[in-house]
Amino acid sequence: MEIIYLLSSIITASVTTVFLSLRLALQSLLRVVFPSRCSKQSDKNGVVFYEGVVRHVRRRPIFHAFEYPVRYALVDLDLATAALSLPSSFFTSHLSADEARRIAHTNGPVFFLTIPPSVGYEQNPLSVYYCYNLEESTSHLEKCIAEVTNSPWGERVYFPFDLDSDVVPKSLHVSPFMDMHGNWKMHTKTPGEDLLLDISVQHPDLGNYFTATLKAKKVRSSQTPILALFFWFMPQKVAIWIYWQALKLWWKKVAFVSHPKYHNPKYKEEVLTRNQQLRCPFTEKHNGNEQPSPETNKSTGDGRCFVWKDAPWPWRY
(Lines give C-alpha, C1' and ligand atoms only; values in the text may rest on other atoms or scores of the structure.)
Protein backbone atom coordinates (compact mmCIF):
# COMPACT_ATOMS: atom_id res chain seq x y z
CA MET A 1 0.00 0.00 0.00
CA GLU A 2 2.82 2.43 0.85
CA ILE A 3 4.48 1.74 -2.51
CA ILE A 4 1.20 2.47 -4.31
CA TYR A 5 0.86 5.81 -2.51
CA LEU A 6 4.44 6.68 -3.43
CA LEU A 7 4.05 5.77 -7.11
CA SER A 8 0.76 7.65 -7.44
CA SER A 9 2.41 10.67 -5.81
CA ILE A 10 5.30 10.60 -8.29
CA ILE A 11 3.07 10.22 -11.37
CA THR A 12 0.55 12.89 -10.37
CA ALA A 13 3.23 15.35 -9.31
CA SER A 14 5.15 14.85 -12.56
CA VAL A 15 2.15 15.59 -14.78
CA THR A 16 1.15 18.65 -12.76
CA THR A 17 4.72 19.94 -12.64
CA VAL A 18 5.20 19.74 -16.42
CA PHE A 19 1.99 21.65 -17.11
CA LEU A 20 2.63 24.40 -14.55
CA SER A 21 6.29 24.70 -15.59
CA LEU A 22 5.19 25.51 -19.13
CA ARG A 23 2.80 28.11 -17.74
CA LEU A 24 5.55 29.64 -15.57
CA ALA A 25 7.90 29.80 -18.58
CA LEU A 26 5.23 31.62 -20.57
CA GLN A 27 4.60 34.09 -17.73
CA SER A 28 8.33 34.76 -17.41
CA LEU A 29 8.58 35.38 -21.16
CA LEU A 30 5.70 37.82 -21.00
CA ARG A 31 7.47 39.74 -18.22
CA VAL A 32 10.50 40.15 -20.45
CA VAL A 33 8.56 41.11 -23.57
CA PHE A 34 5.91 43.28 -21.86
CA PRO A 35 7.48 44.45 -18.58
CA SER A 36 5.16 47.45 -18.23
CA ARG A 37 2.03 45.31 -18.60
CA CYS A 38 3.03 42.72 -16.00
CA SER A 39 2.33 43.62 -12.40
CA LYS A 40 5.39 43.57 -10.23
CA GLN A 41 5.43 41.08 -7.38
CA SER A 42 6.00 42.34 -3.85
CA ASP A 43 7.88 39.25 -2.74
CA LYS A 44 10.27 41.32 -0.62
CA ASN A 45 7.55 42.32 1.85
CA GLY A 46 7.91 40.14 4.91
CA VAL A 47 10.07 37.51 3.20
CA VAL A 48 13.78 36.73 3.53
CA PHE A 49 15.50 34.30 1.15
CA TYR A 50 18.21 31.83 2.14
CA GLU A 51 20.53 29.56 0.15
CA GLY A 52 22.45 26.72 1.74
CA VAL A 53 23.09 23.01 2.10
CA VAL A 54 21.33 20.15 3.86
CA ARG A 55 23.60 17.30 5.00
CA HIS A 56 22.52 13.89 6.30
CA VAL A 57 24.90 11.52 8.06
CA ARG A 58 23.90 7.99 9.14
CA ARG A 59 26.56 6.20 11.18
CA ARG A 60 24.87 2.88 12.00
CA PRO A 61 24.13 0.13 11.13
CA ILE A 62 25.96 1.22 7.95
CA PHE A 63 27.60 4.54 7.16
CA HIS A 64 25.71 6.65 4.65
CA ALA A 65 26.10 10.40 4.06
CA PHE A 66 24.94 12.87 1.43
CA GLU A 67 24.18 16.56 0.99
CA TYR A 68 22.21 18.70 -1.42
CA PRO A 69 21.72 22.45 -2.05
CA VAL A 70 18.50 24.06 -0.86
CA ARG A 71 16.67 27.37 -0.97
CA TYR A 72 14.36 28.49 1.83
CA ALA A 73 12.04 31.39 2.55
CA LEU A 74 11.63 32.91 6.00
CA VAL A 75 8.11 34.35 5.98
CA ASP A 76 6.71 36.88 8.45
CA LEU A 77 3.23 35.38 8.85
CA ASP A 78 1.76 38.69 10.06
CA LEU A 79 2.88 40.55 6.94
CA ALA A 80 3.51 38.28 4.00
CA THR A 81 0.30 36.30 3.45
CA ALA A 82 -1.05 38.93 1.07
CA ALA A 83 2.32 39.79 -0.47
CA LEU A 84 3.40 36.29 -1.49
CA SER A 85 2.24 35.05 -4.87
CA LEU A 86 0.96 31.77 -3.45
CA PRO A 87 -2.52 30.24 -3.40
CA SER A 88 -4.54 30.65 -0.21
CA SER A 89 -4.47 26.86 0.28
CA PHE A 90 -0.79 27.13 1.18
CA PHE A 91 -1.53 29.30 4.21
CA THR A 92 -4.65 27.41 5.31
CA SER A 93 -2.71 24.13 5.35
CA HIS A 94 -0.08 25.53 7.73
CA LEU A 95 -0.31 27.33 11.06
CA SER A 96 -1.36 30.96 11.09
CA ALA A 97 0.57 33.44 13.20
CA ASP A 98 -2.14 33.37 15.89
CA GLU A 99 -2.19 29.55 15.98
CA ALA A 100 1.59 29.44 16.35
CA ARG A 101 1.47 32.00 19.14
CA ARG A 102 -1.11 29.91 21.02
CA ILE A 103 1.03 26.77 20.78
CA ALA A 104 4.27 28.56 21.71
CA HIS A 105 2.67 30.83 24.35
CA THR A 106 4.27 33.92 22.81
CA ASN A 107 2.95 37.38 21.89
CA GLY A 108 5.31 38.64 19.17
CA PRO A 109 6.06 38.08 15.48
CA VAL A 110 6.08 34.60 13.96
CA PHE A 111 8.46 33.70 11.12
CA PHE A 112 7.86 30.56 9.07
CA LEU A 113 10.90 28.80 7.56
CA THR A 114 9.78 26.73 4.59
CA ILE A 115 10.32 25.78 0.96
CA PRO A 116 7.33 27.34 -0.84
CA PRO A 117 5.44 25.20 -3.35
CA SER A 118 6.66 25.33 -6.93
CA VAL A 119 4.67 24.54 -10.08
CA GLY A 120 2.05 22.56 -8.21
CA TYR A 121 4.18 20.67 -5.69
CA GLU A 122 5.36 21.13 -2.11
CA GLN A 123 7.94 19.03 -0.25
CA ASN A 124 8.88 20.04 3.27
CA PRO A 125 9.96 17.17 5.53
CA LEU A 126 10.59 19.84 8.18
CA SER A 127 9.46 23.45 8.45
CA VAL A 128 10.01 25.66 11.51
CA TYR A 129 8.02 28.50 13.08
CA TYR A 130 10.21 31.00 14.95
CA CYS A 131 8.04 32.58 17.66
CA TYR A 132 9.13 35.84 19.31
CA ASN A 133 8.09 37.53 22.54
CA LEU A 134 7.60 41.27 22.78
CA GLU A 135 8.98 43.07 25.82
CA GLU A 136 8.53 46.83 25.80
CA SER A 137 10.13 48.00 22.52
CA THR A 138 12.21 44.89 21.80
CA SER A 139 11.54 41.31 20.80
CA HIS A 140 13.51 38.10 21.28
CA LEU A 141 13.16 34.57 19.98
CA GLU A 142 11.39 32.61 22.71
CA LYS A 143 10.26 29.31 21.20
CA CYS A 144 10.24 27.32 17.96
CA ILE A 145 7.59 25.00 16.55
CA ALA A 146 8.56 22.09 14.33
CA GLU A 147 6.23 21.04 11.53
CA VAL A 148 7.23 17.53 10.43
CA THR A 149 5.53 15.99 7.38
CA ASN A 150 5.87 12.49 5.92
CA SER A 151 4.50 13.06 2.42
CA PRO A 152 4.06 9.42 1.30
CA TRP A 153 1.82 8.72 4.30
CA GLY A 154 0.02 12.08 4.32
CA GLU A 155 0.67 12.84 8.01
CA ARG A 156 1.95 15.83 9.93
CA VAL A 157 2.86 16.66 13.51
CA TYR A 158 3.49 19.99 15.25
CA PHE A 159 5.37 20.42 18.52
CA PRO A 160 7.22 23.28 20.23
CA PHE A 161 10.87 23.04 21.18
CA ASP A 162 13.49 25.22 22.84
CA LEU A 163 15.98 26.59 20.35
CA ASP A 164 19.04 25.60 22.39
CA SER A 165 19.47 21.82 22.17
CA ASP A 166 16.04 20.56 23.22
CA VAL A 167 15.31 16.81 23.27
CA VAL A 168 11.91 15.69 21.96
CA PRO A 169 10.55 12.15 21.52
CA LYS A 170 10.29 11.05 17.91
CA SER A 171 6.63 11.58 17.10
CA LEU A 172 6.22 10.71 13.40
CA HIS A 173 7.27 7.90 11.07
CA VAL A 174 9.36 9.96 8.64
CA SER A 175 11.72 7.41 7.09
CA PRO A 176 10.97 3.74 6.26
CA PHE A 177 14.52 2.99 7.39
CA MET A 178 14.10 4.27 10.96
CA ASP A 179 11.94 2.95 13.76
CA MET A 180 10.00 5.09 16.22
CA HIS A 181 12.30 4.47 19.17
CA GLY A 182 14.44 7.24 20.56
CA ASN A 183 14.38 11.02 20.49
CA TRP A 184 15.12 13.99 18.29
CA LYS A 185 17.70 16.45 19.61
CA MET A 186 16.79 19.85 18.11
CA HIS A 187 19.05 22.88 17.91
CA THR A 188 18.69 26.18 16.09
CA LYS A 189 19.47 29.85 16.61
CA THR A 190 17.91 33.19 15.82
CA PRO A 191 17.84 33.61 12.01
CA GLY A 192 20.01 36.43 10.75
CA GLU A 193 22.67 36.57 8.08
CA ASP A 194 23.24 32.87 8.79
CA LEU A 195 20.69 30.13 9.31
CA LEU A 196 21.36 26.96 11.30
CA LEU A 197 19.16 23.99 12.11
CA ASP A 198 20.56 20.77 13.50
CA ILE A 199 18.71 17.53 14.35
CA SER A 200 20.21 14.32 15.65
CA VAL A 201 18.54 11.03 16.53
CA GLN A 202 19.23 9.53 19.95
CA HIS A 203 18.40 5.83 19.76
CA PRO A 204 18.35 3.41 22.74
CA ASP A 205 20.34 0.78 20.80
CA LEU A 206 22.16 2.70 18.04
CA GLY A 207 23.08 5.77 20.09
CA ASN A 208 23.44 9.11 18.25
CA TYR A 209 23.46 7.44 14.87
CA PHE A 210 21.87 10.04 12.59
CA THR A 211 22.30 13.79 12.06
CA ALA A 212 20.60 16.21 9.67
CA THR A 213 21.94 19.74 9.37
CA LEU A 214 20.78 22.82 7.47
CA LYS A 215 23.31 25.63 7.02
CA ALA A 216 22.33 28.60 4.88
CA LYS A 217 23.14 32.26 4.25
CA LYS A 218 20.78 35.11 3.64
CA VAL A 219 20.41 36.31 0.07
CA ARG A 220 21.46 39.95 -0.10
CA SER A 221 18.54 42.36 -0.48
CA SER A 222 20.03 43.79 -3.68
CA GLN A 223 19.74 40.32 -5.23
CA THR A 224 16.27 39.39 -3.96
CA PRO A 225 14.68 37.34 -6.76
CA ILE A 226 11.12 36.69 -7.86
CA LEU A 227 9.80 33.94 -5.61
CA ALA A 228 8.33 31.71 -8.35
CA LEU A 229 11.63 31.64 -10.25
CA PHE A 230 13.88 31.40 -7.18
CA PHE A 231 12.10 28.25 -5.97
CA TRP A 232 11.36 26.74 -9.38
CA PHE A 233 11.67 22.94 -9.04
CA MET A 234 13.14 23.25 -5.52
CA PRO A 235 10.52 21.01 -3.82
CA GLN A 236 10.79 18.46 -6.62
CA LYS A 237 14.58 18.34 -6.28
CA VAL A 238 14.27 17.72 -2.53
CA ALA A 239 11.86 14.85 -3.17
CA ILE A 240 14.13 13.32 -5.82
CA TRP A 241 17.18 13.52 -3.55
CA ILE A 242 15.31 11.95 -0.63
CA TYR A 243 13.83 9.07 -2.62
CA TRP A 244 17.13 8.43 -4.41
CA GLN A 245 18.94 8.12 -1.09
CA ALA A 246 16.18 5.83 0.18
CA LEU A 247 16.82 3.59 -2.82
CA LYS A 248 20.52 3.54 -1.95
CA LEU A 249 19.73 2.51 1.64
CA TRP A 250 17.53 -0.29 0.34
CA TRP A 251 20.36 -1.39 -1.97
CA LYS A 252 22.70 -1.45 1.04
CA LYS A 253 20.21 -3.80 2.73
CA VAL A 254 19.25 -1.46 5.57
CA ALA A 255 16.19 -2.98 7.26
CA PHE A 256 12.82 -1.65 6.07
CA VAL A 257 10.54 -0.48 8.89
CA SER A 258 6.78 -0.33 8.29
CA HIS A 259 4.58 2.43 9.68
CA PRO A 260 3.76 1.88 13.38
CA LYS A 261 0.04 2.29 12.71
CA TYR A 262 0.11 -1.23 11.26
CA HIS A 263 1.61 -2.92 14.31
CA ASN A 264 1.48 -0.43 17.21
CA PRO A 265 -1.62 1.82 17.02
CA LYS A 266 -0.84 3.31 20.45
CA TYR A 267 2.47 4.80 19.39
CA LYS A 268 1.19 8.37 19.90
CA GLU A 269 0.43 7.63 23.54
CA GLU A 270 3.93 6.20 23.89
CA VAL A 271 5.31 9.48 22.50
CA LEU A 272 3.51 11.39 25.24
CA THR A 273 4.86 9.04 27.88
CA ARG A 274 8.43 9.43 26.63
CA ASN A 275 8.01 13.18 26.50
CA GLN A 276 6.91 13.22 30.14
CA GLN A 277 9.94 11.14 31.10
CA LEU A 278 12.21 13.60 29.28
CA ARG A 279 10.63 16.71 30.77
CA CYS A 280 10.07 15.32 34.27
CA PRO A 281 12.55 12.44 34.61
CA PHE A 282 11.80 11.87 38.30
CA THR A 283 8.02 11.78 37.95
CA GLU A 284 6.19 8.68 36.77
CA LYS A 285 2.74 10.26 36.42
CA HIS A 286 1.66 13.81 35.81
CA ASN A 287 -1.83 15.32 35.67
CA GLY A 288 -3.65 12.03 35.23
CA ASN A 289 -4.02 9.73 32.23
CA GLU A 290 -6.72 11.37 30.16
CA GLN A 291 -5.81 11.47 26.45
CA PRO A 292 -7.59 13.66 23.87
CA SER A 293 -8.26 12.50 20.32
CA PRO A 294 -5.34 12.32 17.81
CA GLU A 295 -6.62 15.36 15.89
CA THR A 296 -6.31 17.75 18.86
CA ASN A 297 -3.50 19.07 20.98
CA LYS A 298 -1.97 16.37 23.14
CA SER A 299 -0.22 17.83 26.14
CA THR A 300 1.56 16.05 28.94
CA GLY A 301 0.91 18.87 31.37
CA ASP A 302 4.42 20.34 31.16
CA GLY A 303 3.61 23.00 28.56
CA ARG A 304 4.58 20.98 25.49
CA CYS A 305 1.84 19.74 23.21
CA PHE A 306 1.83 17.53 20.13
CA VAL A 307 -0.67 18.10 17.33
CA TRP A 308 -1.13 15.23 14.88
CA LYS A 309 -3.18 15.83 11.75
CA ASP A 310 -3.52 14.74 8.15
CA ALA A 311 -1.28 16.57 5.71
CA PRO A 312 -2.62 17.65 2.31
CA TRP A 313 -1.26 15.91 -0.74
CA PRO A 314 2.00 17.54 -1.94
CA TRP A 315 0.68 18.22 -5.45
CA ARG A 316 -2.49 20.11 -4.41
CA TYR A 317 -1.45 23.53 -5.79
Side-chain angles (χ1 to χ4, degrees), residues 1-6 9 58 60-61 93-95 99 102-105 124-129 144-162 166-186 199-210 212 246 249 254-314:
M1 184 62 70
E2 294 173 357
I3 299 299
I4 294 176
Y5 284 148
L6 178 59
S9 171
R58 178 189 291 258
R60 287 176 288 275
S93 66
H94 299 284
L95 296 178
E99 289 171 330
R102 284 197 294 270
I103 293 176
H105 303 293
N124 272 294
L126 174 65
S127 295
V128 178
Y129 300 81
C144 295
I145 301 173
E147 177 188 280
V148 185
T149 306
N150 57 7
S151 295
W153 296 278
E155 297 173 323
R156 178 172 291 167
V157 66
Y158 300 92
F159 58 86
F161 68 94
D162 297 326
D166 201 354
V167 179
V168 181
K170 184 179 180 183
S171 51
L172 197 67
H173 184 67
V174 179
S175 168
F177 299 98
M178 292 184 182
D179 59 34
M180 288 292 293
H181 302 304
N183 309 309
W184 287 323
K185 185 176 182 181
M186 317 279 293
I199 304 169
S200 60
V201 177
Q202 300 177 338
H203 194 274
D205 299 321
L206 300 174
N208 297 334
Y209 79 106
F210 177 84
L249 289 173
V254 177
F256 186 88
V257 181
S258 63
H259 196 293
K261 64 183 178 182
Y262 299 124
H263 57 82
N264 182 21
K266 293 185 177 182
Y267 73 94
K268 294 178 182 177
E269 282 69 25
E270 293 178 359
V271 169
L272 300 181
T273 299
R274 294 207 312 276
N275 180 69
Q276 190 57 47
Q277 293 170 348
L278 288 170
R279 306 285 277 189
C280 306
F282 302 107
T283 304
E284 293 183 1
K285 294 184 179 180
H286 193 78
N287 287 359
N289 296 316
E290 183 179 354
Q291 302 291 349
S293 67
E295 306 307 321
T296 61
N297 290 5
K298 287 191 170 185
S299 175
T300 53
D302 59 1
R304 171 178 287 158
C305 66
F306 292 82
V307 183
W308 284 277
K309 62 184 295 185
D310 293 335
W313 291 113

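For clarity, every value in this text was computed on a predicted model and none was experimentally measured. Counting begins at 1 with the first residue of the sequence.
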Taking atom [atom1] of [X] and atom [atom2] of [Y], what is their separation to the nearest 0.5 Å?
| X | Y | atom1 | atom2 | answer |
| --- | --- | --- | --- | --- |
| Glu270 | Ser171 | CD | OG | 13.0 Å |
| Glu147 | Leu172 | CD | CG | 11.0 Å |
| Arg156 | Asp310 | CZ | CG | 10.0 Å |
| Asp205 | Asp179 | CG | CG | 8.0 Å |
| His94 | Asn124 | NE2 | CG | 6.5 Å |
| Trp308 | Lys268 | CH2 | NZ | 6.5 Å |

Item to check | Any residue meeting side chain to side chain contact (heavy atoms under 4.5 Å, CB included) with Ala146, in chain and number order, not counting sequence neighbours | outcome: Leu126, Val148, Phe159, Phe161, Met186

Item to check | Residues which pass side chain to side chain contact (heavy atoms under 4.5 Å, CB included) with Leu206, listed by chain and number, not counting sequence neighbours | outcome: Arg60, His203, Tyr209

Item to check | Main-chain N/O of Met180 paired with Tyr267 side-chain donor or acceptor, under 3.5 Å | outcome: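 Answer holds: no.
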
Next on the checklist: Check whether Arg274 reaches the backbone of Gly182 with its side chain - one donor and one acceptor, N or O, closer than 3.5 Å.
Outcome noted: yes

Checklist entry - Can Tyr158 and Cys305 be said to form a side chain to side chain contact (heavy atoms under 4.5 Å, CB included), step by step? => result CA-CA 8 Å; Tyr158 300 92; Cys305 66; over 6 Å; no

Checklist entry - Are any non-hydrogen side-chain atoms of Phe210 and Ser175 less than 4.5 angstrom apart? => result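 With C-beta onward as the side chain, the pair stays apart.
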
Next on the checklist: Do Asp166 and Arg304 make a side-chain contact, defined as non-hydrogen atoms from C-beta onward lying under 4.5 Å apart?
Outcome noted: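 Yes, side chains in contact.
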
Checklist entry - Excluding sequence neighbours, so at least two apart, what forms side chain to side chain donor-acceptor pair (under 3.5 Å) with Asn183? => result none

Item to check | Shortest non-hydrogen contact from Val174 toward Trp153 | outcome: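 Shortest heavy-atom separation between Val174 and Trp153 comes out as O-CZ3, 3.5 Å.
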
